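Below, all heavy atoms of this structure are taken into account, side chains as well, without hydrogens, waters or symmetry copies. As the structure is a prediction and not an experimental result, all values here were calculated from the model.
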Amino acid sequence: MREMILKAVANPPKILWGPFLPVMLNLGIQFPMLFMMVGTVDVNPLWFLILILLGHTFCIFLGAKEPHISSMIQAFGQAAKKSTNLYKVKGNKFAP
């Protein structure tokens, strides 16, 4: 069991050599834009495929520089929540 934990920490998940979360965000934003633009404005889809490849290449370089970028994005999302103060004070108060 110890090897599985070390392997998961040492090798974060990747999709086609890019970190999981940035690649999924790239595809999740660009594919709907592709379909909307092709359907409404009749744009050549080749331009969007080039943009998707450029975005994926950027994600690969980002993952090579910081392999745990997906974990960092998830941790920021959890840490960015505002706390509710029990008393009127300036700023966030985490303990009563």
Side-chain angles (χ1 to χ4, degrees):
M1 179 149 170
R2 188 175 212 169
E3 291 177 13
M4 293 174 66
I5 293 172
L6 292 176
K7 184 177 180 183
V9 170
N11 298 324
K14 295 185 180 276
I15 297 177
L16 296 173
W17 306 286
F20 183 76
L21 195 57
V23 169
M24 293 307 291
L25 288 172
N26 179 37
L27 294 177
I29 292 170
Q30 293 218 19
F31 271 120
M33 291 297 294
L34 164 83
F35 294 129
M36 286 189 292
M37 293 298 282
V38 168
T40 58
V41 188
D42 199 26
V43 176
N44 188 356
L46 184 61
W47 294 111
F48 278 96
L49 294 179
I50 292 170
L51 288 175
I52 290 170
L53 288 176
L54 287 174
H56 188 73
T57 305
F58 176 74
C59 289
I60 290 172
F61 285 125
L62 189 67
K65 183 177 178 183
E66 181 57 59
H68 296 282
I69 191 74
S70 295
S71 301
M72 291 169 60
I73 293 171
Q74 289 174 347
F76 176 75
Q78 293 174 358
K81 294 178 184 172
K82 296 284 185 184
S83 68
T84 55
N85 297 334
L86 296 176
Y87 307 105
K88 294 274 187 187
V89 293
K90 187 175 183 180
N92 287 339
K93 187 173 181 181
F94 296 105

Following the transitive rule for hydrophobic clusters with a side-chain heavy-atom cut-off under 4.5 Å over Ile, Leu, Val, Met, Phe, Trp and Tyr, establish whether L16 and F48 coincide in one cluster. yes

Would you say F58 ends up clustered with L51 if hydrophobic residues are merged whenever their side chains have heavy atoms under 4.5 Å apart, either directly or through other cluster members? no

Treating Ile, Leu, Val, Met, Phe, Trp and Tyr as nodes and any side-chain heavy-atom pair under 4.5 angstrom as an edge, say whether L54 and L25 lie in one connected cluster. no

Give me the one residue out of I52, L46, L53 that meets side chain to side chain contact (heavy atoms under 4.5 Å, CB included) with I50. L46

So, for G55 and N26, which heavy atoms are closest and what is the spacing to 0.1 Å? C-ND2, 3.5 Å

Where K14 and G63 come nearest, the two heavy atoms and their spacing: NZ-O, 4.3 Å

Can you sort out the partners of I60 under side-chain contact (heavy atoms from CB on, under 4.5 Å), two or more places apart, ordered by chain and number? W17, H56

Kindly compute the distance separating CD (Q30) from CG (L49), expressed to the nearest 0.5 Å. 9.5 Å

Side-chain heavy atoms of P67 within contact of P19, under 4.5 Å: no

A side-chain contact here means heavy atoms from C-beta on lying under 4.5 Å apart; do I73 and I69 qualify? yes

Is there a path from F31 to V41 through hydrophobic residues (I, L, V, M, F, W, Y) whose side chains come within less than 4.5 Å of each other? yes

Hphob cluster co-occupancy, I15 + M72, side-chain heavy atoms under 4.5 angstrom: no

Should the heavy atoms of other residues, nucleotides or ligands under 6.0 Å from CZ of F20 be counted, would the total exceed 12? no

